[in-house]
There are 2 protein chains.
Amino acid sequence: MFKLSRAGEYALRGVVYIASKKGGDIVHVRKIAESQNVPEYFLTKVFSRLTRNGIIHSIRGNKGGFRLSRPPKKISVYDILTAVEGPLNFNDCFICKNSRKCKLKPVWDESMKKMLEVLKKHKIADVV
Amino acid sequence: MFKLSRAGEYALRGVVYIASKKGGDIVHVRKIAESQNVPEYFLTKVFSRLTRNGIIHSIRGNKGGFRLSRPPKKISVYDILTAVEGPLNFNDCFICKNSRKCKLKPVWDESMKKMLEVLKKHKIADVV
DNA sequence: TATAATAGGACAAAAGAGGTCATGTTAGTC
DNA sequence: GACTAACATGACCTCTTTTGTCCTATTATA
């Protein structure tokens, strides 16, 4: 049930990899894919989601690549996962769509909230 | 990513339904399926997992059915989900299988732990 | 013995995840 | 300006997992 998707995993590893490079260094997807032993084309997809969501910045054209769009201490694990997976919306996880007095949903929501708090608290700078 | 499976949802709703009945009352799967508007045969499957894992007790034969195998205040949401989904093992969710000094895994583990604490804390008696 | 319930395996259908590819766009370099 | 090497994106394929159905066996009651 609570499994991290490949996309999420690759995104985290990719961002950590970029963060481990010097400040404004531009990194190619191929380089990352090779170093992390991850399928290149798939990683491209994942990175474009990170780009669209403002986590990383892409430079197109020859000599292009990616760099972080803000310092690692300002990017949380949560930011990356939501960028890749869409909002970790616990309203989707409704238990009793039928009854609005369902008491299970608050439990589920609370558990999600606790989890996300942890993911928000930890920044990429902490895990490089 | 963090979506409750149908199996998990049905299990929770089924157990809550049984708990809402009088003490030792025996309930038929068909009855539950109808009242919860859930596919009967699938619910059968889910319930057999709950039975195997000691959450509910099955009575076979004519006039058979299910009842809780312990009082609702001793059954947590966590118990039910793990019975249905298998252990919510966060070791499966390894991020960097490669490097054992990966700093992402502790973050993931911590977030899982927080979430599961909530699911363990809340008992069926609280949500009936 | 008939009946009505659970047990569980086999299997089909549907959904989702993971991965690949082809084509387009962009910008640096010669 | 042409060439080249990078990202952007949509289409598509494959594989796995989840969800759902059905059939047969087993069990217990009346």
With sugar-phosphate taken as primed atoms, P, OP1 and OP2 and all else as base, the protein-contact string of nucleotides 25-30 of chain C at under 4.0 Å (heavy atoms; B, S, -) is BBBB--
Does the side chain of [X] reach to within under 4.5 Å of the side chain of [Y], using non-hydrogen atoms?
X      : Y     : value
A/Y41  : A/V29 : no
B/I18  : B/D25 : no
B/E85  : B/I80 : no
A/E117 : A/Y78 : no

Distance, rounded to the nearest Å, where [X] contributes [atom1] and [N] contributes [atom2]:
X     : N      : atom1 : atom2 : answer
A/K3  : D/dT16 : NZ    : P     : 12 Å
A/R6  : C/dG19 : CZ    : C1'   : 11 Å
A/F2  : D/dT18 : CZ    : P     : 13 Å
B/N37 : D/dG20 : CG    : C1'   : 14 Å
A/L4  : C/dG16 : CG    : P     : 19 Å
B/R30 : D/dG20 : CZ    : P     : 18 Å

Under 3.5 Å: donor-acceptor pair, side chain of [X], backbone of [Y]:
X      : Y      : answer
B/K103 : A/D126 : no
A/R13  : A/Q36  : yes
A/D109 : A/P106 : no
A/K123 : A/K120 : yes

Check your understanding: Which residues within residues 64-72 of chain B lie with some heavy atom under 4.0 Å of an atom in DNA chain C?
Key ->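 Correct list: B/G64, B/G65, B/F66.
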Parallel, tilted or perpendicular: which one describes the rings of B/F2 and A/F2, with boundaries at 30° and 60°?
tilted
| request: Determine, stepwise, if the pair A/Y10 / A/V84 fulfils side-chain contact (heavy atoms from CB on, under 4.5 Å). | output: CA-CA 10 Å; A/Y10 295 167; A/V84 167; over 6 Å; no
Taking five pairs at each terminus, the helix from C/dT1-D/dA30 to C/dC30-D/dG1 shows an axis bend, to 10°, of 0°
Ordered by number, residues from residues 39-58 of chain B within less than 4.0 Å of DNA chain D (heavy atoms) are B/P39, B/Y41, B/F42, B/K45
Original post:
Is the count of non-hydrogen atoms from other residues, nucleotides or ligands lying under 6.0 Å from B/R30 atom CZ greater than 12?
Top reply: no
Output a table of donor-acceptor pairs, distance under 3.5 Å, between side-chain atoms of residues 52-64 of chain A and any protein atom two or more places apart or on a different chain; print 'none' if there are none.
| unit_1 | atom_1 | unit_2 | atom_2 | d |
| --- | --- | --- | --- | --- |
| A/N53 | ND2 | A/R49 | O | 2.8 |
| A/N53 | ND2 | A/A83 | O | 3.2 |

For A/K121, the salt bridge (Lys or Arg N to Asp or Glu O under 4.0 Å) test, sequence neighbours excluded, returns B/E110
